[in-house]
Amino acid sequence: LIQAIFHGESPMAPYNRGFVSWALTLVVVQCLSLREGFLRRYAIASLAIGLLFLPYLDFNYNVTAEYERVGLDSSVGLSNGNELAAWFGFCCVYMIVVAVEAKRNFARILSLSFAAGCLFVVGLTVSRGALGGIAIATVVALRRVLKRGFFPVLLLVALSAVFFLSGFFDRAIDFYAARKSEET
């Protein structure tokens with residue numbers, strides 16, 4: 001609205017069109033989320049779609065960087081490694097919540113196995129933002145289990161995420177990576 005009213009831009013301009021479709025998607029998702037069991041069905045469908053993505057992993061996604069990063073083949077819609085990490089990050093957090101709330105041990109083990117697999121794919125993408133988001137979302141999701149320890153744990157995870165995402169430890173991690181290739 002600000003673009004259209006104050007700047008005289010058309011709502012159908014290329015950079016405004018994405019926002020309009022996003023706003024309409026919010027309405028549709030809100031209506032769907034009110035249905036019983038929608039989140040469970042959505043998470044299972046997302047995990048199944050994510051598993052279908054795995055054969056298209058591209059291990060030479062970012063060849064110009066000094067580190068290996070996994071993305072998807074450019075013909076797939078989520079070809080960016082960060083988008084792939086966000087997809088599997090959602091699945092990881094959901095599976096962790098299912099594992100905490102499950103009453104049977106088999107369901108817990110199965111959910112934690114899927115969560116570990118999703119976290120492995122997120123780790124392959126080398127997306128620090130997704131890892132920080134997974135950590136914070138998991139702590140928020142487990143607030144009932146943490147009870148009085150929720151705020152201290154959330155503060156610790158948030159501060160750790162800020163240090164990790166800022167690249168403060170990148171130099172130390174590089175030293176460890178260089179040392180692992182040395183012969184001792």
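Model, not experiment: these values are computed from the prediction.
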My understanding is that only one of V97, T138, L131, I134 makes a side-chain contact (heavy atoms from CB on, under 4.5 Å) with C92; could you say which?
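Only match with C92 under side-chain contact (heavy atoms from CB on, under 4.5 Å): I134.
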
side-chain contact (heavy atoms from CB on, under 4.5 Å) partner of C118, the single match among V93, L51, L47:
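The side-chain contact (heavy atoms from CB on, under 4.5 Å) with C118 is passed solely by L47 among V93, L51, L47.
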
Side chains of [X] and [Y] in contact at under 4.5 Å (non-hydrogen atoms):
X    : Y    : answer
N82  : T125 : no
S111 : R108 : no
S113 : I109 : yes
L142 : F150 : no
F114 : C91  : no
F151 : L146 : no
F120 : F88  : no

According to side chain to side chain donor-acceptor pair (under 3.5 Å), who are the partners of R144, at least two apart in sequence or on a separate chain?
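In terms of side chain to side chain donor-acceptor pair (under 3.5 Å), with neighbours along the sequence ignored, R144 is linked to E101.
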
Same apolar cluster: [X] and [Y], side chain cutoff 4.5 Å:
X    : Y    : value
W87  : I44  : no
L159 : V139 : no
L112 : M95  : no
V140 : F90  : no
Y42  : V98  : yes

Say you draw a straight line from CZ of R41 to OG of S46; how long is it, rounded to the nearest 0.5 Å?
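So the gap between those two atoms works out to 12.5 Å.
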
Measure the spacing between CG of L119 and CG of L124 and express it to the nearest 0.5 Å.
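L119 CG to L124 CG: 10.0 Å, rounded to 0.5 Å.
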
Apply the test side chain to side chain contact (heavy atoms under 4.5 Å, CB included) to residues L84 and L57: give CA-CA distance (whole Å), side-chain angles for both, the deciding distance (0.1 Å), then the verdict.
CA-CA 10 Å; L84 182 67; L57 285 179; 3.7 Å; yes

Search all heavy atoms of I96 against all heavy atoms of A115 and return the closest pair with its distance.
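Minimum heavy-atom contact is CG1-CB, 3.8 Å.
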
Tell me the closest heavy-atom pair linking A158 and I136, and the distance in Å.
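In terms of heavy atoms, the two residues are closest at CA-CD1, 4.3 Å.
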
Check: R143 side chain, R148 main-chain N or O, donor-acceptor pair, under 3.5 Å:
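Checked: no pair found.
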
Are more than 12 heavy atoms from other residues, nucleotides or ligands located less than 6.0 Å from atom CZ of F53?
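Counting neighbours around CZ of F53, more than 12 heavy atoms of other residues, nucleotides or ligands fall under 6.0 Å, so yes.
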
